[in-house]
Undergrad: 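This is the structure, below, for whatever I ask next.
Because the structure is a prediction, the values reported are computed rather than measured.
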Amino acid sequence: MCGIVGIVAHSPVNQELYEALTVLQHRGQDAAGIVTYEGGRFYLRKDKGLVRDVFQAEHMQHLRGTMGIGHVRYPTAGGGNSAEAQPFYVNSPYGITLGHNGNLTNAEQLKQELFLQDQRHINTDSDSEILLNVFAHELQRLGKLRLDVDDVFDAVAEVHRRCRGAYAVVAMITGFGVLGFRDPYGIRPAVIGRRDSPRGPEYIVASESVALDVLGFERLRDIEPGEAVFIEKNGRLHSRQCAEHGFHAPCIFEYVYFARPDSVIDGISVYQARLRMGEKLAEKILRTDPEHDIDVVIPIPDTSRTAALELANRLGVKYREGFIKNRYIGRTFIMPGQQLRQKSVRRKLNPIDVEFKDKNVLLVDDSIVRGTTSKQIIQMARDAGARKVFFASASPPVRYPYVYGIDMPQASELIAHGRSEREVQKLLGADWLIYQDLDDLVEAVRSGNPAIRCFETSCFSGHYVTGDITPEYLERWSRYRRGAEKPEAVAEVETEIHTNLDLYNSV
């Protein structure tokens, strides 16, 4: 999961891109980057680290221009490296920079096509660089010295034809403007906003509406699945539907965990969706055990607070803050590497013993993925003196790999994979485990926008909306994550590429 932003204005955008990235920091803490445009050239700064650490005063002064894009990176397969910080850049054709949120499911095939057919070299393991080169190649095929907006949209249509998976993209073309587009299913979010200035309209494209709010942009609408919007450097906005097939299926995990509660995604308030998750969970508890002996409801900060508060109200029991969070520790779920996650839990949370002592405590979290954090938190509650520890998840059991840009693609890492809820309860050490039902979760989110017919729920249901994920695909990437070997297709591609490079160099 990553955060993207692009701005076209009539005054310098460096500071506003920085501020937008700071409010999107929750979407990625591994690396950050900004690129701006002025006078025929790009100005780029990117590196590993948090936004506040990557950009110092001297860097900001160097980022000149009235249009630019930014990115915060979340690595989906390990720690990553500074070479994979975004935005990426290619000089041919025209000069293009691009930032991407999501994951391409046919990246290895595209990498082979780019080298053997398009004569383009990919220098990193990032599928974002692959996507950039696909887009660049489709523009280059036009063979035009000067682009028009229709040319850009035609190239996006070819990207949709060639690329599979999830992607929300911002890109900038030298001297022309800023582009934003989403995959044909709208799995990853992107919203567009506008504000008026004395010199004319200014526009922003971002992952979440909260970036618009802090910069004073009015939220116009979400970019539609398969749609592209292009903002010329003079402030003219264009849009076109560029995908032939697809349907709207936004990722439901955005509402469960990733998005900020003050964001609105695809017309749905994240905050209100989480309130409804708490309502549904309370209803399930009352159906399952109307004579429950819960004394107090305590959220696992921060994401689950909204659901936990509404759950407590519906149950008629006390809501208390029982854990104090160290706000200088990053979000545990998106930390690269399981060992780092395990070490961070106790450094991140500290219990207030008086809220636990001699009480039957219901802990509420947004989800249970690997179970590492949940198990340690349950033990912390017992150590603090809780008589019984119940645990509720605002989402269903995460049983299946996720391949669209969230770091949980290996089934063996998921505590609920192949296990019953009772077995998970025993492994976690809880006295009672309550999961949200999938139908209730979908209803809780969809109530905010009934026009959305379905959601991407593959980590809960095992159904992948893009239709190209097979058991063989999942097994290959599971082996890759374990470090045993690269996926067979990737190994074949790299062997062929190296062979061709050797032949070329020998001529």
Undergrad: Does CG belonging to Asp53 count more than 12 external heavy atoms closer than 6.0 Å?
TA: yes
Undergrad: Would you find a donor on one side and an acceptor on the other, under 3.5 Å apart, between the side chain of Asp47 and the backbone of Ala32?
TA: no
Undergrad: Quick one: side chain to side chain donor-acceptor pair (under 3.5 Å) partners of Asp353, sequence neighbours excluded?
TA: none
Undergrad: Flag the pair Asp437 and Lys284 as a salt bridge only when some basic side-chain nitrogen lies within less than 4.0 angstrom of an acidic carboxylate oxygen.
TA: yes
Undergrad: Any side-chain to backbone donor/acceptor pair from Asn106 onto Arg162? Under 3.5 Å, distance only.
TA: yes
Undergrad: Got a sec, which residues hit ring pair (Phe, Tyr, Trp, His ring centres under 6.0 Å) with Phe135, two or more places apart in sequence or on another chain?
TA: none
Undergrad: If you apply the rule ring-ring contact (aromatic ring centres under 6.0 Å, His included), what do you find for Phe356 with Phe323, and how did you get there?
TA: CA-CA 10 Å; Phe356 292 90; Phe323 291 101; 5.2 Å; yes
Undergrad: Test side chain to side chain contact (heavy atoms under 4.5 Å, CB included) on Val169 and Leu179; report intermediate values, then the result.
TA: CA-CA 8 Å; Val169 174; Leu179 169 71; 5.9 Å; no
Undergrad: Do Phe253 and Ile406 pass the side chain to side chain contact (heavy atoms under 4.5 Å, CB included) test, and can you show the C-alpha distance, the side-chain angles, and the key distance before you say yes or no?
TA: CA-CA 9 Å; Phe253 212 73; Ile406 299 176; 3.8 Å; yes
Undergrad: Looking at Asn101 and Ile4, would you say the former's side chain and the latter's main chain have a donor-acceptor pair under 3.5 Å?
TA: no
Undergrad: Of all residues at least two apart in sequence or in a different chain, which pass the side chain to side chain contact (heavy atoms under 4.5 Å, CB included) check with Arg399?
TA: Pro397, Ala416, Glu421
Undergrad: Using only atom types and a distance under 3.5 Å, with no angle test, would you say the side chain of Ser263 pairs donor to acceptor with the backbone of Ala259?
TA: no
Undergrad: Any Lys/Arg nitrogen of Lys318 or Glu355 sitting under 4.0 Å from an Asp/Glu carboxylate oxygen of the other?
TA: no
Undergrad: To check you understand the geometry: which heavy-atom pair defines the closest contact between Tyr255 and Ile265, and what is its length?
TA: OH-O, 2.8 Å
Undergrad: Applying side chain to side chain donor-acceptor pair (under 3.5 Å), name anything that partners Asn360, two or more places apart in sequence or on another chain.
TA: Asp293, Arg387
Undergrad: Looking at Lys359, I'd like to know if its NZ atom is crowded, meaning that more than 12 non-hydrogen atoms belonging to other residues, nucleotides or ligands lie closer than 6.0 Å.
TA: yes
Undergrad: Would you find a donor on one side and an acceptor on the other, under 3.5 Å apart, between the side chain of Asp127 and the backbone of Leu104?
TA: yes
Undergrad: Is there a donor-acceptor pair closer than 3.5 Å between any side-chain N or O of Asn326 and the backbone N or O of Lys348?
TA: no
Undergrad: Please determine whether a side-chain nitrogen of the Lys or Arg among Lys280 and Glu443 lies less than 4.0 Å from a carboxylate oxygen of the Asp or Glu.
TA: yes
Undergrad: Arg305: what forms a salt bridge (charged side-chain N to carboxylate O under 4.0 Å, His left out) with it, not counting sequence neighbours?
TA: Asp302, Glu321
Undergrad: Return the set of residues passing side chain to side chain donor-acceptor pair (under 3.5 Å) with Ser209 (not counting sequence neighbours), or none when no residue passes.
TA: none
Undergrad: Per the ring pair (Phe, Tyr, Trp, His ring centres under 6.0 Å) rule, what does the pair list look like for residues 370-397, sequence neighbours excluded?
TA: Phe390-Trp432
Undergrad: Under a 4.5 Å cut-off applied to non-hydrogen side-chain atoms, are Gln25 and Gln29 in contact?
TA: yes
Undergrad: Closest heavy-atom contact between Arg260 and Asp262?
TA: NH2-OD2, 2.7 Å
Undergrad: Just to verify, what does Arg276 make a side chain to side chain donor-acceptor pair (under 3.5 Å) with, not counting sequence neighbours?
TA: none
Undergrad: Would you call Asp439-Arg446 a salt bridge at under 4.0 Å N-O?
TA: no
Undergrad: Please name the pair of heavy atoms, one in Asp295 and one in Val317, separated by the smallest distance, quoted to 0.1 Å.
TA: O-CB, 4.3 Å
Undergrad: For a quick check under 3.5 Å, do Asp468 and Thr105 share a side-chain donor-acceptor pair by atom type?
TA: yes
Undergrad: What's the shortest heavy-atom distance between Ala430 and Ile378, and which atoms?
TA: CB-CD1, 3.9 Å
Undergrad: Any idea how Tyr404 and Tyr402 line up, ring-wise: parallel (<30°), tilted (30 to 60°), or perpendicular (>60°)?
TA: perpendicular
Undergrad: Could you tell me whether the side chain of Glu283 and the main chain of Leu286 form a donor-acceptor pair under 3.5 Å?
TA: no
Undergrad: Just wondering, are more than 12 heavy atoms of other shown residues or ligands nearer than 6.0 Å to CZ in Arg287?
TA: yes
Undergrad: Give the minimum heavy-atom separation between Asn103 and Val403, together with the two atoms involved.
TA: ND2-O, 2.6 Å
Undergrad: According to the interplanar angle, ranging from 0 to 90°, do the rings of His160 and Phe181 count as parallel (below 30°), tilted (30 to 60°) or perpendicular (above 60°)?
TA: perpendicular
Undergrad: With Ser269, which residues qualify under side chain to side chain contact (heavy atoms under 4.5 Å, CB included), at least two apart?
TA: Tyr271, Gln272
Undergrad: Using the side chain to side chain contact (heavy atoms under 4.5 Å, CB included) criterion, which residues pair with Ala249? Sequence neighbours excluded.
TA: Phe247, Cys454, Val465
Undergrad: Test salt bridge (Lys or Arg N to Asp or Glu O under 4.0 Å) on Arg382 and Asp431; report intermediate values, then the result.
TA: CA-CA 11 Å; Arg382 294 197 188 282; Asp431 294 295; 2.9 Å; yes
Undergrad: If we ignore hydrogens and angles and just use 3.5 Å, is the side chain of Arg182 paired with the main-chain N or O of Ile223 as donor and acceptor?
TA: yes
Undergrad: Go through Leu474 and Ile469 one step at a time and tell me if the side chain to side chain contact (heavy atoms under 4.5 Å, CB included) criterion holds.
TA: CA-CA 7 Å; Leu474 296 175; Ile469 306 303; 3.6 Å; yes
Undergrad: What residue among Gln86, Glu84, Arg73 forms side chain to side chain donor-acceptor pair (under 3.5 Å) with Ser128?
TA: Gln86
Undergrad: List the steps and the verdict of side chain to side chain contact (heavy atoms under 4.5 Å, CB included) for Leu315 and Leu311.
TA: CA-CA 6 Å; Leu315 293 182; Leu311 185 154; 3.3 Å; yes
Undergrad: Which heavy atom of Asn123 sits nearest a heavy atom of His121, and at what distance?
TA: OD1-NE2, 3.4 Å
Undergrad: Will you find, in the side chains of Ser374 and Gln376, an N or O donor that is under 3.5 Å from an N or O acceptor?
TA: no
Undergrad: May I have the step-by-step check of salt bridge (Lys or Arg N to Asp or Glu O under 4.0 Å) for Arg274 and Glu310, ending in yes or no?
TA: CA-CA 9 Å; Arg274 290 177 183 168; Glu310 189 62 18; over 6 Å; no
Undergrad: Using the side-chain contact (heavy atoms from CB on, under 4.5 Å) definition, which of the options Asp440, Leu441, Leu281, Val424 pairs with Tyr435?
TA: Val424
Undergrad: Only counting residues at least two apart or in another chain, list the ones meeting side chain to side chain contact (heavy atoms under 4.5 Å, CB included) with Asn133.
TA: Val90, Leu114, Arg120, Ile122, Glu129
Undergrad: Does the pair Glu208/Arg219 count as a salt bridge with the N-to-O cut at 4.0 Å?
TA: no
Undergrad: Okay, side chain of Asp183, backbone of Gly186: is any donor-acceptor separation there less than 3.5 Å?
TA: yes
Undergrad: Please identify each residue that fulfils ring pair (Phe, Tyr, Trp, His ring centres under 6.0 Å) with Tyr89, with sequence neighbours left out.
TA: Phe42
Undergrad: Donor-acceptor pair, Arg45 side chain versus Val54 backbone, under 3.5 Å?
TA: yes
